[in-house]
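For reference, the structure is listed below as structure tokens.
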Amino acid sequence: SAKLIDRVGSALLLMIVAPLMLIIALGIIISSKGPVFFKQTRIGRGGRKFTCYKFRTMEIDAQQRLEYLLENCAATRFEWAKDQKLRNDPRVHPFGEFLRKSSLDELPQLFNVLIGDMSLVGPRPIVENEIVKYGRYFTHYCAVRPGITGLWQVSGRNDVAYRRRIAFDVVYVRKGRVADNVRILLQTVPVVLAAKGSY
């Protein structure tokens, strides 16, 4: 089954990247105060909530920094309202900026795949306040498990408008097949190496 393939694949990948993950963990400990991992509640298949894991890329006072910026900078408010992202994010520590550009911060999501909350390929896992952006297409999002990579990630990532990202998710859910998953996984490697649309 697809779930079995995901679990076997994630287990193999975790064994391969374990030394790299250890190096990254040490880099975070050396460069910034706080925990190695960042945990956040995301929406999974069927609308079920789960804890998503990433390497921590932000300073521990990130929420206070964001609130200050949103209160005092109109441009930041506009950018944040658009897609919950900031291109030049002052909350990110220097090593975290490298992790984001290289997408290495997402390696811990392999644990999410291993335990069955996520898939290797699928829609990007969203937070609760993004549900309203999906509108009637939220049912499409809920039809599959969110993925580490997907159509959005290999089609421009953060350079793509949010509405188009939703369209990618709908297309994937309606037409996604094993061959599509393999193609997306293969396309992910050069996209990640080029750091296209990642910030």
Give me the atom names and distance for the closest heavy-atom approach of [X] to [Y].
{"X": "Ile43", "Y": "Lys49", "result": "CD1-CG, 3.9 Å"}
{"X": "Pro35", "Y": "Ile60", "result": "CD-CG2, 4.4 Å"}
{"X": "Glu97", "Y": "Val92", "result": "N-CG1, 3.3 Å"}
{"X": "Arg165", "Y": "Arg124", "result": "NH2-CB, 3.4 Å"}
{"X": "Ala25", "Y": "Val36", "result": "CB-CG1, 3.8 Å"}
{"X": "Thr57", "Y": "Asp105", "result": "CG2-CB, 3.6 Å"}

Next on the checklist: Parallel, tilted or perpendicular, judged at 30° and 60°: which one describes the rings of Phe95 and His93?
Outcome noted: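 Geometry flag for His93 against Phe95: parallel rings.
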Next on the checklist: Evaluate Trp152 against Arg164 for side chain to side chain contact (heavy atoms under 4.5 Å, CB included), listing each step before the verdict.
Outcome noted: CA-CA 8 Å; Trp152 173 69; Arg164 192 152 185 219; over 6 Å; no
Interatomic distance, [X] atom [atom1] to [Y] atom [atom2] [nearest 0.5 angstrom]:
{"X": "Arg48", "Y": "Arg42", "atom1": "CZ", "atom2": "CZ", "value": "14.5 Å"}
{"X": "Ile166", "Y": "Arg136", "atom1": "CD1", "atom2": "CZ", "value": "11.0 Å"}
{"X": "Asn181", "Y": "Ser119", "atom1": "CG", "atom2": "OG", "value": "6.5 Å"}
{"X": "Ser103", "Y": "Phe55", "atom1": "OG", "atom2": "CZ", "value": "13.0 Å"}
{"X": "Asp180", "Y": "Lys175", "atom1": "CG", "atom2": "NZ", "value": "9.5 Å"}
{"X": "Met15", "Y": "Leu13", "atom1": "CE", "atom2": "CG", "value": "9.0 Å"}

Cluster link [X] to [Y], ILVMFWY, side chain under 4.5 Å:
{"X": "Phe168", "Y": "Leu120", "answer": "yes"}
{"X": "Leu104", "Y": "Val17", "answer": "yes"}
{"X": "Ile148", "Y": "Leu20", "answer": "yes"}
{"X": "Ile131", "Y": "Val170", "answer": "yes"}
{"X": "Ile16", "Y": "Leu22", "answer": "no"}

Check whether [X] reaches the backbone of [Y] with its side chain - one donor and one acceptor, N or O, closer than 3.5 Å.
{"X": "Asp117", "Y": "Cys52", "answer": "no"}
{"X": "Ser32", "Y": "Ile28", "answer": "no"}
{"X": "Glu130", "Y": "Val127", "answer": "yes"}
{"X": "Arg145", "Y": "Gly122", "answer": "no"}
{"X": "Arg56", "Y": "Phe37", "answer": "no"}

Next on the checklist: Pair Met21, Leu14 - check side chain to side chain contact (heavy atoms under 4.5 Å, CB included), show working.
Outcome noted: CA-CA 9 Å; Met21 292 180 72; Leu14 279 168; 4.0 Å; yes
Contact between [X] and [Y] at the side-chain level, heavy atoms closer than 4.5 Å - yes or no?
{"X": "Val144", "Y": "Pro123", "value": "yes"}
{"X": "Asp169", "Y": "Tyr137", "value": "no"}
{"X": "Phe111", "Y": "Ser10", "value": "no"}
{"X": "Ile184", "Y": "Tyr172", "value": "yes"}
{"X": "Cys142", "Y": "Tyr134", "value": "no"}

Item to check | Heavy atoms of other groups near Glu128 CD, more than 12 under 6.0 Å | outcome: no
Checklist entry - Between Tyr53 and Phe38, is the gap from one ring center to the other below 6.0 Å? => result no
Checklist entry - Would you call Lys3-Asp6 a salt bridge at under 4.0 Å N-O? => result no
Next on the checklist: Between Thr149 and Leu185, does the side chain to side chain contact (heavy atoms under 4.5 Å, CB included) criterion hold? Intermediate values first, please.
Outcome noted: CA-CA 7 Å; Thr149 188; Leu185 284 169; 3.9 Å; yes
